[in-house]
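Atom set for the values below is all heavy atoms of this structure, side chains included, hydrogens, waters and symmetry mates excluded. A note on names: the letters A, B, ... follow the listed sequences, proteins ahead of strands, and every chain is numbered from 1.
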Number of protein chains: 2
Amino acid sequence: MPRMVAERTDVLPALGECFREHGFEGASLALIGAATGLGKGSLYHFFPGGKAEMAAAVLAEIDGWFEREVFAPLKDSEPPDAGIAAMFEATETYFRSGRRVCLVGCFALGDVRDRFAEAVRSYFQRWIDALRLALQRAGASPDEALRRAVDVVGGIQGAIVLSRALDDPGVFSGMLARMRRDLTEMKPSS
Amino acid sequence: MPRMVAERTDVLPALGECFREHGFEGASLALIGAATGLGKGSLYHFFPGGKAEMAAAVLAEIDGWFEREVFAPLKDSEPPDAGIAAMFEATETYFRSGRRVCLVGCFALGDVRDRFAEAVRSYFQRWIDALRLALQRAGASPDEALRRAVDVVGGIQGAIVLSRALDDPGVFSGMLARMRRDLTEMKPSS
DNA sequence: GCCCATGTGTACCAATCGGTACATAGTTTT
DNA sequence: AAAACTATGTACCGATTGGTACACATGGGC
């Protein structure tokens, strides 16, 4: 039996997938152990705070990924349309055309929302802000940029719900493509 | 101690609220008992199939409510805009400006989706179909009506997620108002 | 009065829950 | 090589889980 030495960051992806599939309450330590390949000993060694700390660590990792791959490009890319395009592509890939659930969105719907309220709020607020800034840089007025940013960030969450409900990834991709088109057609029309 | 005789349909609202707040796995029999005021004896008398049957009954009640209050008006109201207006008003009220979660949408995100797949699929499919027909009757082309119906039904789900995440009912109401305006402005523009 | 349907509360069940304690094994450090 | 630290497996804990069994209480029909 080879000894498999792990690090905290190594297990975060499997941990996240487990929470995504089963939710916070549904992800029992047995399921988490099976998903990560780690026993309770290791789990509580890495996360002394138990499930709550595991979930917080996963949220932080997701947050960092989006900050790096989505929010920052939205704020910095020149021209701004490049950042917007990158956002839609990253989103399509990350959520696997709606087959993969948004853990932050799931937490927002459940009663765990209160426990991770700040992380959940910050994630969506910063996404909206980043997109809003990109749209303003692309020529939209401040309040039009805000409205469109809210609609798109919300629309992505709805696309996940709907495509999973209908069991049709095409619904997700279709909705995203339409939102993307609406955003890029913004300049000529407005 | 007065004897309180209940009926199966009487407990469905409280049952639904309990599932909404805690999810399927999170709603323990203890919580369900507290929410309904019923002991296990009564609960298993009304729902011999246990939690699964309770959830199925709640889904059926929700389905019936939407069929009656939303889908049917969408299909029958004359002019069609009246049905669409009724849909937005019923939705705003039912979801309490995003403070109340959509149980069907929640189930779609979790691993319970497979267990109630047909109920979940049918609910959203019929909502989309009803709205699509109303839009066609209002003059939209078949494929434009379908696209808009998908975007609106999905958008409502996203509005719930986002407004709960940001803890701001105004986000829900704002998104719905914008979708409604887009739909009613459809005729003059298109 | 009695009987039987329908509800209801309670005791109980095995299984699982999240979490703790601790001995041990492997790896670094000294 | 000894010591110290990190990682891991296992045994165990009380509490809670969904579910069952059953006694009993209430009601209407006769």
> Does a nitrogen or oxygen in the side chain of B:His45 sit under 4.0 Å from OP1 or OP2 of C:dT8?
Replying inline: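 Looking at the OP1 and OP2 atoms of C:dT8, neither is under 4.0 Å from any side-chain N or O of B:His45.
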> Does OP1 or OP2 of D:dT17 have a side-chain N or O of B:Ser28 closer than 4.0 Å?
Replying inline: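 The answer is yes; a side-chain N or O of B:Ser28 sits under 4.0 Å from OP1 or OP2.
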>> Using a 4.0 Å heavy-atom cut-off, does A:Tyr44 contact any base of the nucleic acid, only the sugar-phosphate backbone, or nothing at all?
In response: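 Answer is base: heavy atoms of A:Tyr44 come under 4.0 Å of a base.
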> Within the structure shown, what part of the strands sits under 4.0 Å from A:Ala27 by heavy-atom distance: base, sugar-phosphate, or nothing?
Replying inline: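 Sugar-phosphate: the residue A:Ala27, judged by heavy atoms under 4.0 Å, touches backbone atoms but no base.
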> Can you tell me the Watson-Crick or wobble partner of C:dA5, both distances under 3.5 angstrom?
Replying inline: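 WC or wobble partner does not exist here.
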> Watson-Crick or G-U wobble partner for D:dT26, using a 3.5 Å limit on both distances?
Replying inline: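 With both distances under 3.5 Å required, D:dT26 matches none.
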>> Hydrophobic clustering (ILVMFWY, side-chain heavy atoms < 4.5 Å, transitive) - are A:Leu31 and A:Leu15 grouped together?
In response: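 No; A:Leu31 is not reachable from A:Leu15 via cluster members.
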Rounded to the Å, how far apart are [X] [atom1] and [N] [atom2]?
X	N	atom1	atom2	result
A:Lys51	D:dA15	NZ	P	19 Å
B:Ile32	D:dT16	CD1	P	17 Å
B:Leu43	C:dT10	CG	P	14 Å
B:Glu25	D:dT16	CD	C1'	16 Å
B:Phe46	C:dA5	CZ	C1'	13 Å
B:Phe47	C:dT6	CZ	C1'	15 Å

>> Let me spell it out: for each of A:Leu29 and B:Gly37, pick the nucleotide of DNA chain C with the closest heavy atom. Which residue's pick is nearer the 5' end?
In response: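 In this pair, the answer is B:Gly37.
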> DNA chain C: B:Leu38 or A:Leu31, which has the more 5' nearest nucleotide?
Replying inline: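 Residue closer to the 5' terminus by nearest nucleotide: B:Leu38.
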>> Looking at B:Arg132 and B:Asp129, is there a salt bridge between them, counting it only when a charged N and a carboxylate O are closer than 4.0 Å?
In response: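 Salt bridge: yes.
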> Is the closest basic N to carboxylate O distance between B:Glu53 and B:Arg8 below 4.0 Å?
Replying inline: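 Yes, this pair counts.
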> Is the backbone of A:Val101 close enough, under 3.5 Å, to the side chain of A:Arg164 for a donor and an acceptor to pair up by distance?
Replying inline: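 Judged by distance alone, no pair lies under 3.5 Å.
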>> I need the single residue from A:Trp65, A:Phe116, A:Phe107, A:Phe66 that forms a ring-ring contact (aromatic ring centres under 6.0 Å, His included) with A:Tyr123. Which is it?
In response: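 Only one of A:Trp65, A:Phe116, A:Phe107, A:Phe66 forms a ring-ring contact (aromatic ring centres under 6.0 Å, His included) with A:Tyr123, namely A:Phe66.
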> Does D:dA15 adopt a syn or an anti glycosidic conformation, taking syn as a chi angle within 90° of 0?
Replying inline: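 With its glycosidic angle more than 90° from zero, D:dA15 counts as anti.
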> Among D:dG9, D:dT17, C:dT10, which is the nearest nucleotide to the side chain of B:Lys40?
Replying inline: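 Side chain of B:Lys40 sits closest to C:dT10.
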